[in-house]
Amino acid sequence: MNMNDLPDNPYLLLTPGPLSTTKTVKGAMLRDWCTWDSDYNNLVQEIRARLVKLATKHVPEYTAVLMQGSGTFSVEAVIGSAVPREGKLLVLANGAYGSRIAQIAQVLGIATVIQDSGETSLPSLDKLEEMLARDQAVTHVAVVHCETTTGILNPIADIGEIVKKHDKVFIVDAMSSFGGMEMDISALNIDFLISSANKCLQGVPGFGLIIARTRELLKCGRRARSLSLDLYDQWETMEKHGGKWRYTSPTHVVRAFYQALLELEEEGGIPARSQRYRENQRCLAEGMAELGFQVLLDPSIQSPIITSFYFPDHPDFRFTVFYQTLKEQGFVIYPGKISHADTFRIGNIGDVHLEDIKRLLLAVKNSCYWVR
Ligand SMILES: *Cc1c(COP(=O)(O)O)cnc(C)c1O
């Protein structure tokens, strides 16, 4: 089948996952796979190897695990499998996804301490130092890289240095940044990095991925508080049985993800993709500013992934109408997710290019009669 024969999507998703994928990624799902056959299992092994290479130059230190479910399932698998019974987790939170990490730990009965810096500011490094010096019981520290709630970008390099200085295990939810920003998780002192198929790697939803320092993962045997979300067991099965998952895996999604990884390579890898995203975001922020929209975050802490804008100060602005009008013109945006201000969000990741952002800006202009 020629992929161009696949129907066009009625609109572009400007949401940070699920996001717009290419027709060739969607087309890769048009075949059924056997979960125990070597064709499929070799594909899984190839994906795992590619993921580690994307994450670090220090390949032998790390390993990759794939886990069924949305990204949150993988976060829960890491928190529930990495922190031992007598351990304690410190969470740096500045948005819904940071808070979710703490919530997971609390549901699992893990001792947790939270440093919440509010939705629009970075975690305090001094306070982190102080908390780690004071509370010797803390064994693990978790933070979100790009907090998708607002688009704030947390300083994981600085945080990782402090965490390592105190010899703690460092967990990073890089769900909405991995694949879209250059990073080396070894240089960043990361022990467990979590992401998912349907964000910057531009696959479709269905599984999450964990890139773990093998030395730390090996300590996780029999620690898990859940059977199906046991990270160690999942890894051990994949290792021992050459790419086999425990329980049914999302075969079509995995095949599509492999195609997405090939397309990432064709694009020029993460450096080229991150540049495309940065240009998209810059064009978006500048174009919206010209139309009178104000960004929520200071540019110094703004990620190249998703941008929050204040509602314009005009009596005729209604978000629901704005949303619908943009959708009719072929763009789906995101409502805001913060408590203290009226905002909306526009993501610029996925199969989204500068021409799309330029078309979006025209559509925004068409949706607000007071803008000229
Ligand atoms: C998308 C996302 C998640 C996971 O959300 P799911 O809905 O479970 O896929 C977690 N953390 C961050 C920062 C995210 O952007």
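This chain uses plain numbering: 1 for the first residue, then up along the sequence. These numbers were taken from a predicted model, which means no experiment stands behind them. Counting convention: from 1, in listed order, for ligands and their atoms alike.
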Find all atoms of ligand 1 within a distance of less than 4.0 Å from any non-hydrogen atom belonging to Cys146, and give their numbers and elements. 13 (C)

Nearest neighbour in protein (non-hydrogen) for atom 7 (O) of ligand 1: Ser70 OG, 4.1 Å

Please check if the number of heavy atoms outside Arg222 that lie under 6.0 Å from its CZ is greater than 12. no

Looking at Lys199, which atoms of ligand 1 are within less than 4.0 Å of one of its heavy atoms? 1 (C), 2 (C), 3 (C), 14 (C), 15 (O)

Provide the number and element of each atom of ligand 1 under 4.0 Å from a heavy atom of Ser176. 15 (O)

For a quick test of your reading: what N or O donor-acceptor pairs under 3.5 Å do the side chains of residues 306-315 make, sequence neighbours left out?
from	atom 1	to	atom 2	distance (Å)
Thr307	OG1	Gln281	NE2	2.9
Ser308	OG	Thr150	O	2.8
His314	ND1	Asp316	N	3.0

If you look at every heavy atom in Ile171 and His140, which pair is closest and at what distance? CD1-CD2, 4.0 Å

Quick one: does His145 get within less than 4.0 Å of ligand 1, heavy atoms only? no

Check whether the side chains of Tyr40 and Ser249 place a donor and an acceptor atom closer than 3.5 Å, and report yes or no. yes

Provide the number and element of each atom of ligand 1 under 4.0 Å from a heavy atom of Val144. 13 (C)

Sort out for me which residue in Gln202, Gln259, Lys26, Glu263 forms a side-chain hydrogen bond (donor to acceptor under 3.5 Å, both in side chains) with Thr21. Lys26

If we only count N/O pairs under 3.5 Å, is Asn198 in contact with ligand 1? no

Restricting to heavy atoms, the pick from Asp173, Thr148, Val75 nearest atom 11 (N) of ligand 1 would be Asp173

May I ask you to identify the nearest protein heavy atom to atom 3 (C) of ligand 1, giving residue, atom name and distance to one decimal place in Å? Met175 CG, 3.4 Å

Member of Gln234, Gln45, Arg48 meeting the side-chain hydrogen bond (donor to acceptor under 3.5 Å, both in side chains) criterion with Glu239: Arg48

Do Asn198 and Ser196 meet the criterion of a side-chain donor-acceptor pair at a distance under 3.5 Å? yes

Any side-chain donor paired with an acceptor under 3.5 Å for Glu61 and Thr56? no

Closest non-hydrogen protein atom to atom 9 (O) of ligand 1, residue and atom name please, with distance? Gly71 N, 3.1 Å

Out of Ile305, Thr15, Thr72, the nearest non-hydrogen contact to atom 5 (O) of ligand 1 is supplied by Thr72

